[in-house]
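The structure under discussion appears below in the form of structure tokens.
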Amino acid sequence: MTARPLRIARRRARFPLRPAALAAACIAALMPAALHAQAPAATVEIIGTAPLPGQGIDRNWLPYGTQVLRRAEIDGAGSDNLIDLFDRRLPGVQRNDIQGSPYQGDLTYRGFRASGLLGAAQGLSVYLDGVRINEAFGDIVQWDLVPEYALDSVALVPGANPAFGLNTLGGAISLTTLDGRRAAGTRADLTLGSFGRKRLDASHGRAGDDGWHHYVAGTAFAEDGWRDHSDGRIGLVLAKVGRSLGDTDWSLGLLAGRSRLIGNGLVPAYTLDDDGGDIDTEPDLYAARRSAIYTHPDLTRNELLQLAFNARHAIDAATELDLLAYVRSSRRRTVNGDAADDGDAEASLNSSRTTQLTGGVAASVSRSVGSHQLQFGASLDAGRTRYEQTEQEGEFTASRGVVGDPDEPPELSAKVRGRSLAFGLWAMDTWRLAPATALTASARYNHARVSNTLTTVDDDTGLLEEKPRERFTYRSLNPALGLAHQLTPSLTLFGNVARNTRVPTVIELGCADPDEPCRLPAGLQSDPYLKQVKSTTVEVGARWRVTDAQRVALSLYRTDNRDDILFTSVSATSQLGYFRNFDKTRHQGLDVQWDGRLGAVRAWAAYSLLEATYQAGGTLRIGERNVEVSPGMRMAGLPRHTVKMGLDWQVTPAWTLGADASWRSRRIVQGNEDGLVEDGGDAFDASLPGYALVNLRAAWKPRKDVEVGLRIDNVFDRRYETYGALAETVFDASGAYTGVERDAVFVAPGAPRAYFVTLRVRF
């Protein structure tokens, strides 16, 4: 085999010790200290255990690990945005830059996704002040329209927790915003830096003696982007008003936002040529220019308007009632320039328009009765979706942009009108069996109905045809049972078993017939019933409070997905396929986290081991290949080992220095899971190498209400890639259109070294 000319194809990050062994050694060293250390002063941290948190539960009694970041930690992390914050600080989380835009990241936790990509299998539920913000069409999450500057806390709850409702397979993310009581006064942050970035955040809050309080926060963001043709704009406002009066507290919040983002996706790093048994590689666009893109435009415009009412009432000293009502309207328009799939045209402009209107109500009652902490709740969510997709023939410009043919107007290729209705009823009880032992049992009943009317091009006539209306109903009763035991005042052991379900999306239901296959995601038709995905999580672990200044958390987990929904080829050679239920997939691993403080230094470290595998055999359509998967085969894009660490040093009352670093092991390229680049071809390992990143930050406070911060990301300007896929390119290495398809490894490049300065004012 010819030696590969690119470092991307050869380099491997090396550590002196295997990460798993290193983590085990740290745990073994800390356990005796935890067992024999003097018990620290009792600390009670209340954690919400459902979208409406109620009275919450003492974190010490939860039978699973949780991760919580407060406002001060969010401000001090020195991250780009919420996805970047998760990626830097939380074990088990990683970001894939598939879109290439900082606000269009693909977030995974333990291998489960919360993504803005339509058609991606979503496995995480996301809530904002109790409102589920997974959109009705495809369960996507629009991270660009989350009010990051107004967040008070971020909580990550692991596993198939039934209390958080449908789609919570790998975990749930709960976001809570500030109000005039928690954020009284005015604050503003101005950030300038590399890639022409400009960001202004500002907020004002006030709480009066009469119980009234108000809060408003806004964000304006603009940048040119570090890659070609990749600028972005975001405008976002959150306004809240409320009142605390005796035993009742209510608030009304309005969230409005608009974004215009360009994410140009993957770019070919090198091409592949199978020549007589040896696979030769040749550098391509990415090797020549780090900022190169494949084709453009890749534009997404999002608009959002959400109104939410939250109320809390203390019925008596032991009972609390929580209420939620909301309405959410969103619009999404996309324009993508791509190579044409067929016909005489060399390129096509693919456009889509999505409008969604959702609304719902929820209520919960929480009560403390003796040794029981009880919570009961119900929710009702309804959604209406309209989706249209058009195609227009076009040609490529010299910069690989697509210009539509003025003689060929856009043609409608697919249209969907859909409705969804989901009802949930849940109950939870944390029972103190003994002074050192708590049992938590919960269950949720779900009833969901999805209906849609599809209009698509008939394969025989080539004409648009409206299909009969479909309606699918799903029911499930999902339980969870866990136990937490304080082995010593400073060491708690826990274990939990939980089950939850995911209802198929309209994208999956619209392409589920082997007799009428489609090309994902364009082809939609009336199709057979798909079963809902059933996930079961088993998690055991420990929480150590070694001293007042040191904490260690450990979790071992396994999540098995039955009837998972995957895209399957109709044959070993066909490019057509359909969604079907796949017998079993598995996500299992280990998360270890330590944080501590020594004098003026606060430090933290985390290690994650992840094995995401198929547990059955079959032919799957993965990217542009048919892959014969077998039990134990790893999934693409997910590193087996991840290490994160960081520290903040208060040098003087006015100066703070900080740093964080991360290392990720190699990742399998999509379409190369079986070690092949073509069906029946020669073996070839196209996996992406591991990489390490270091970021630095400094803050200077010349006075109490003014702070100047400096941040340097990717200090050593490491060239790295977060995701890869096998695909075909129709351009040569210089970017000129040839029309000849060549196999290539496409990658999602990470950003180069960048500098940012932030001015913060508080008064």
Side-chain angles (χ1 to χ4, degrees), residues 15-17 19 22-45 59-60 65-79 85-91 153-154 189 488-492 542-554 591-607 643-663 692-713 715-716 756-758 760 762:
F15 265 48
L17 292 174
L22 181 61
C26 293
I27 296 167
L30 288 167
M31 182 175 286
L35 291 172
H36 298 101
Q38 182 178 355
T43 301
V44 176
E45 184 177 6
R59 190 177 191 174
N60 294 321
T66 58
Q67 302 175 61
V68 180
L69 295 175
R70 307 293 181 185
R71 183 71 244 178
E73 295 173 286
I74 297 173
D75 284 339
S79 55
L85 172 70
F86 284 14
D87 184 55
R88 294 189 187 202
R89 292 298 302 267
L90 302 182
S153 66
V154 174
D189 292 7
T488 74
S490 59
L491 176 61
T492 299
R543 289 184 287 264
W544 286 278
R545 194 171 183 87
V546 182
T547 67
D548 283 340
Q550 283 195 74
R551 294 186 299 176
V552 176
L554 164 69
D591 289 330
V592 185
Q593 186 174 20
W594 168 87
D595 67 81
R597 182 179 294 275
L598 179 61
V601 177
R602 183 192 174 190
W604 52 270
Y607 166 74
V643 176
K644 304 177 184 180
M645 59 187 68
L647 61 85
D648 288 288
W649 176 26
Q650 190 74 48
V651 183
T652 70
W655 279 96
T656 302
L657 300 178
D660 61 83
S662 61
W663 172 81
L693 297 176
V694 177
N695 309 303
L696 299 178
R697 57 186 176 273
W700 173 52
K701 298 185 71 170
R703 47 188 290 180
K704 182 179 180 181
D705 52 1
V706 176
E707 179 180 305
V708 180
L710 171 65
R711 190 175 96 234
I712 308 176
D713 291 347
V715 172
F716 300 108
F756 301 101
V757 177
T758 299
R760 287 177 173 166
R762 308 285 187 267

### Task
Please assess Q550 against W594 for the test side chain to side chain donor-acceptor pair (under 3.5 Å), listing each intermediate value before the final yes or no.
CA-CA 7 Å; Q550 283 195 74; W594 168 87; 2.9 Å; yes
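- Under the salt bridge (Lys or Arg N to Asp or Glu O under 4.0 Å) criterion, R88 pairs with D84, D660, D713, sequence neighbours left out.
- Atom CD of E73 sits about 10.5 Å away from atom OG of S153, to the nearest 0.5 Å.
- For the salt bridge (charged side-chain N to carboxylate O under 4.0 Å, His left out) condition, the pairs that include at least one residue of residues 643-659, sequence neighbours left out, are D648-R697.
- Checked by atom type and distance alone, the side chain of R89 never pairs as donor or acceptor with a backbone atom of L69 at under 3.5 Å.
- Between the R543 side chain and the N60 main chain, a donor and an acceptor come within less than 3.5 Å of each other.
- I712 approaches V715 most closely through the heavy-atom pair O-CG2, 3.7 Å.
- Of the listed residues (V643, L554, D591), just one forms a side chain to side chain contact (heavy atoms under 4.5 Å, CB included) with Y607, and that residue is V643.
- Shown here are the salt bridge (Lys or Arg N to Asp or Glu O under 4.0 Å) partners of R760, two or more places apart in sequence or in another chain: D189, E707.
- With 3.5 Å as the limit, one finds no donor-acceptor pair spanning the side chains of R711 and T758.
- Going from atom CH2 of W604 over to atom CG of L90 covers 8.5 Å, rounded to the nearest 0.5 Å.
- The number of heavy atoms from other shown groups lying within 6.0 Å of CZ (R551) does not exceed 12.
- Distance check: L657 CG to W700 CH2 gives 14.0 Å after rounding to the nearest 0.5 Å.
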